Amino acid sequence: MNQAHEPLPLEFYNKPTIELAQSLLGCLLVKETEEGLASGYIVETEAYKGPGDRAAHSYGNRRTKRTEIMYHEAGVVYTYTMHTHTLINVVSGEADEPEAVLIRALEPHEGLALMEKRRIGKKPRDWTNGPGKLTKALSITMNDYGRTLTAPPLYIAKGYEPQDILSGPRIGIDNSGEAREYPWRFWIKGNRYVSR
DNA sequence: GTATGGATCATCT
DNA sequence: GATGATCCATACG
């Protein structure tokens, strides 16, 4: 049987976005549904810094119905639909600072049978090694938009301390000028579930 | 292993 | 009507 976890306090998210992106590595992302609980350790993230970041949806303080939640205080979820997939971000920064951290990959931990069922025909390694994949494995949808990460059904709990953290350019933002070169992607060295 | 193109839809112009 | 913070199948080496 699965055991519930203790969510990290709201204060955890109260730090600079780049720092938060690194702090999230090794933490446990948990989603509870009627089918049961599924969770995975965060092994890859990307920071998006709002106004001055051409790759961010909130570049130039762009404020629309979709990005509205990024102007909220840190610790809430920003889900976004990309083609046929849903992506999940953790909102960072103070209120009116539209920054966020994209969760790119997880290492499956609990609810493995559920993930297998949600990712039929895929190898275990392909269950959560990409932003669009992990949301499917954990059943994260647009219904989670705006949720606070400190209570079920969707929350982040303490995981383990990563050994080595590496950083590099972000992925999939080739048309964003200089912003594509910023080393704002972070991952745990040697982890098999990191994308690419 | 790398490279390429199509799927498919919410959101924005 | 155009645009993706992607994924997958296919082709090729």
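Each chain gets a letter, A, B and so on, in the order its sequence line appears, and its residues count up from 1. We use all heavy atoms of the structure for the numbers below, so side chains are in, but hydrogens, waters and symmetry mates are not. On a predicted model such as this, the values are computed, not experimentally measured, just so you know.
In this structure, C:dT3 forms a base pair with B:dA10, meeting either the Watson-Crick or the G-U wobble geometry with both donor-acceptor distances under 3.5 Å. C:dA11: Watson-Crick or G-U partner is B:dT2, with both key distances under 3.5 Å.
For the pair A:E68 CD and B:dC12 C1', the computed distance is 15 Å after rounding to whole Å. As rounded to whole Å, 15 Å separates atom C1' of C:dA5 from atom CZ of A:R54. Atom-to-atom, CZ of A:R196 to P of B:dG1 comes out at 14 Å; the value is rounded to the nearest Å. The CZ atom of A:R66 sits 5 Å away from the P atom of B:dC12 (whole-angstrom rounding). Between the P atom of C:dG4 and the OH atom of A:Y59 lies a distance of 15 Å, rounded to the nearest Å. In this entry the distance linking OH of A:Y80 with P of C:dT6 reads 8 Å, nearest Å. Taking atom CD1 of A:I69 as the reference point, atom C1' of C:dA5 lies 18 Å away to the nearest angstrom. Protein atom CG of A:L102 is 17 Å distant from nucleotide atom P of C:dG4, rounded to whole Å.
For C:dC8, the OP1/OP2 oxygens have no side-chain nitrogen or oxygen of A:K136 closer than 4.0 Å. Under 4.0 angstrom from either OP1 or OP2 of B:dA10 there lies no side-chain N or O belonging to A:H83. Contact check, A:K65 against B:dA10: no side-chain N or O comes under 4.0 Å of OP1 or OP2. Under 4.0 angstrom from either OP1 or OP2 of C:dT6 there lies at least one side-chain N or O belonging to A:R104. Close to B:dC12, at under 4.0 Å from its OP1 or OP2, lies no side-chain N or O of A:R63. For A:T84, no side-chain nitrogen or oxygen approaches OP1 or OP2 of C:dC7 to under 4.0 Å. Remark: A:R119 is in phosphate contact with C:dC8, judged by side-chain N or O atoms under 4.0 Å from OP1 or OP2.
Here the side chain of A:L87 is nearest to one of C:dC8, C:dG4, C:dT6, namely C:dT6. Each of C:dA5, B:dC12, C:dC7 was ranked by its minimum atom distance to the side chain of A:Y48; first place goes to C:dA5. Checked against C:dC8, C:dG4, C:dA5, the side chain of A:K133 finds its nearest nucleotide in C:dC8. Distances were taken from every side-chain heavy atom of A:T81 (C-beta onward) to each of C:dC8, B:dA10, B:dC12; the shortest belongs to B:dA10.
Judged by the 6.0 Å and 45° rule, A:R125 forms no cation-pi pair with A:W127. Taking the ring axis of A:Y13 as reference, the NZ or CZ atom of A:K15 does not stay both within 45° of it and closer than 6.0 Å to the ring centre. For A:R104 and A:Y193, the positive end is not near the middle of the six-membered ring at less than 6.0 Å and at most 45° from its axis.
A salt bridge links A:E35 and A:R118; the closest N-O separation between the charged side-chain nitrogens and carboxylate oxygens is under 4.0 Å.
Checking A:H85 against A:M142, the closest nucleotide of DNA chain B that is more toward the 5' end is the one next to A:H85.
For the 3.5 Å distance criterion, the side chains of A:T86 and A:T135 fail to qualify, holding no donor opposite an acceptor.
Looking at A:T128, its side chain never comes within 3.5 Å of a backbone N or O of A:L134 through a donor-acceptor pair.
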